[in-house]
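The structure under discussion appears below in the form of structure tokens.
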Amino acid sequence: MTELNADHTRRAIVEHTRHLAESAAAAGPDVAVPTAPKWTIADLVEHVGQTQHWVAEIIERRITDPTQLPTELAVLPTDPREWQAWLSASAQRVASACSDDALDAPVFNAAGDERSGTRFWMASMLNEAVVHGFDAANAAGRPADIDADVAAVLISNHLAMLTSPTWEMQRPESAQAIRGTGQTLRWLATDTADDTGAWFVERRPDGATRRPGTQQADVTITGPARSLLLTLTRRLPLTDREISVAGDTDLAQHWLDNTAHASG
């Protein structure tokens, strides 16, 4: 699976959280977040900060038993002027928790895949900061830069979640909907190296599978890695000007309609 090195990932979590905080401050707490329906900026800030603190505790305590996951959430400051410092602290805490010593330590992995728990959570926290950073920037009318290598890692993480051993338990309706009889989808990034910017998905009766690859598929979605990520996470439509679709567009849209993650 496409990965960043740990140092790069830790820096990116802190950096994208900082950008998110700046966008939140520019937008204001009561502004609606168009790309995260039913959320305001206050909801988004609270979610990201609480999640970062929650995950940091899991790693710090080396929790392996899901019945022992933290039950108390960090409290969002009532004064929005304190939110940037609060988010800075939560981002730094989770980045520090993902230390080199923790990378391969026994930690619960909610996906149940081949990754160590800390590596799973580190990718998840990068996804939170980047995708919700886009949400905040969009709400504030600001640009949201996402480097191609970061976007590629998050595309791999997104598809890993949807094809993970625990996806059916977490999202049974999604898992059922993306089963198939051999239908295939290919996602191609135009701004990454060939071996890190091609993803092939096959819908099988026992569940969807994913692997790197450029083999022909029933539908191919092509664009910059950033645009592919934002399309996969339903922040941009398939009709976005930077995205091209060749083949069965209905198959691609069906995949997107049935693969929402838990938040946002």
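One-based numbering along the sequence shown.
- For the residue pair Ala252 and Val219, the shortest heavy atom distance occurs at CB-CG2, 4.0 Å.
- Between Phe108 and Asp65 there is no side-chain heavy-atom pair separated by less than 4.5 Å.
- Residues His16 and Glu128 form no side-chain contact, since every pair of their non-hydrogen atoms from C-beta on lies 4.5 Å or further apart.
- No donor-acceptor pair under 3.5 Å is formed between the side chain of Thr118 and the backbone N or O of Cys98.
- The cluster map of Ile, Leu, Val, Met, Phe, Trp and Tyr, joined by side-chain heavy atoms under 4.5 Å apart, puts Val245 and Phe200 in different clusters.
- Salt bridge absent: Asp147 and Arg226 never bring a charged side-chain N and a carboxylate O closer than 4.0 Å.
- Looking at His8 and Val150, their side chains come closer than 4.5 Å, going by heavy atoms from C-beta outward.
- No donor-acceptor distance shorter than 3.5 angstrom exists from the side chain of Asp113 to the backbone of Ala160, with no hydrogens or angles considered.
- In this structure, the side chain of Ser174 engages the main chain of Asn258 through a donor-acceptor pair within 3.5 Å.
- Using a 4.5 Å heavy-atom cutoff, the side chains of Trp199 and Leu185 are not in contact.
- For the ring pair (Phe, Tyr, Trp, His ring centres under 6.0 Å) test, residues two or more places apart in sequence or in another chain that qualify with Trp121 are Trp54.
- Of all heavy-atom pairs between Arg115 and Ala123, the closest is NH1-CB, 3.8 Å.
- Asp250 is linked by a salt bridge (charged side-chain N to carboxylate O under 4.0 Å, His left out) to nothing, counting only residues two or more places apart in sequence or in another chain.
- Ion pairing between a basic and an acidic side chain is recognised when a charged N comes within 4.0 Å of a carboxylate O; Asp100 and Arg10 show such pairing.
- The minimum heavy-atom distance linking Ala74 with His53 is given by the pair CB-CD2, 3.6 Å.
- Side-chain atoms of Asp43 and Thr40 include a donor-acceptor pair closer than 3.5 Å.
- Salt bridge annotation for Asp206-Arg204: absent, with no cationic side-chain nitrogen under 4.0 angstrom from a carboxylate oxygen.
- Judged purely by distance below 3.5 Å, without hydrogens or angles, the side chains of His132 and Asp135 pair a donor atom with an acceptor atom.
- Between the Thr220 side chain and the Arg186 main chain, no donor and acceptor come within less than 3.5 Å of each other.
- Looking at heavy atoms from C-beta onward, Val201 lies in side-chain contact with Trp255 at the 4.5 angstrom threshold.
- Here the closest non-hydrogen pair linking Ala144 and Ala137 is CB-CB, 3.8 Å.
- Minimum interatomic distance between Ala24 and Ile41 (heavy atoms only, all atoms of both residues): CB-CG2, 3.7 Å.
- Met169 and Leu159 fall into different hydrophobic clusters, where Ile, Leu, Val, Met, Phe, Trp and Tyr side chains are chained together by heavy-atom contacts under 4.5 Å.
- When all heavy atoms of Pro224 and Thr190 are compared, the closest pair comes out as N-OG1, 3.4 Å.
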Check the pair Glu22 / Arg142 against side chain to side chain contact (heavy atoms under 4.5 Å, CB included), numbers first and verdict last.
CA-CA 10 Å; Glu22 292 169 351; Arg142 294 159 56 100; 3.8 Å; yes

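- With sequence neighbours excluded, no residue forms a ring pair (Phe, Tyr, Trp, His ring centres under 6.0 Å) with Trp83.
- Taking 4.5 Å as the limit, every side-chain heavy atom of Arg210 sits out of range of all side-chain heavy atoms of Glu202.
- The same ILVMFWY cluster, assembled from side-chain heavy atoms under 4.5 Å apart, contains both Val130 and Val94.
- Linking ILVMFWY residues whenever their side-chain heavy atoms come closer than 4.5 Å, directly or via other members, leaves Val153 and Leu188 in distinct clusters.
- Taking the charged nitrogens against the carboxylate oxygens, Glu60 and Arg93 do have a contact shorter than 4.0 Å, which makes a salt bridge.
- The number of heavy atoms from other shown groups lying within 6.0 Å of CD (Glu72) does not exceed 12.
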Worked verdict on Phe120 versus Met161 for side chain to side chain contact (heavy atoms under 4.5 Å, CB included):
CA-CA 10 Å; Phe120 160 77; Met161 289 296 297; 3.5 Å; yes

Given the rule in the side chain to side chain contact (heavy atoms under 4.5 Å, CB included) test, do His47 and Thr51 qualify, once you have shown the distances and angles that lead to the verdict?
CA-CA 6 Å; His47 168 79; Thr51 303; 3.6 Å; yes

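- In summary, Arg61 and Glu57 engage in a salt bridge, as defined by a charged side-chain N under 4.0 Å from a carboxylate O.
- Residues Leu232 and Ile221 fail the side-chain proximity criterion, which asks for heavy atoms closer than 4.5 Å.
- If you chain together hydrophobic residues whose side chains sit under 4.5 Å apart, Met122 and Leu154 fall into the same group.
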Where do Gln92 and Ser96 land on the side chain to side chain donor-acceptor pair (under 3.5 Å) test, with the steps shown first?
CA-CA 6 Å; Gln92 189 58 61; Ser96 297; 3.2 Å; yes

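- The side-chain heavy atoms of Thr231 and Leu256, taken from C-beta on, include a pair separated by under 4.5 Å.
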Could you check Leu236 against Ile243 for side chain to side chain contact (heavy atoms under 4.5 Å, CB included), going step by step and ending with a plain yes or no?
CA-CA 9 Å; Leu236 293 178; Ile243 294 291; 5.9 Å; no

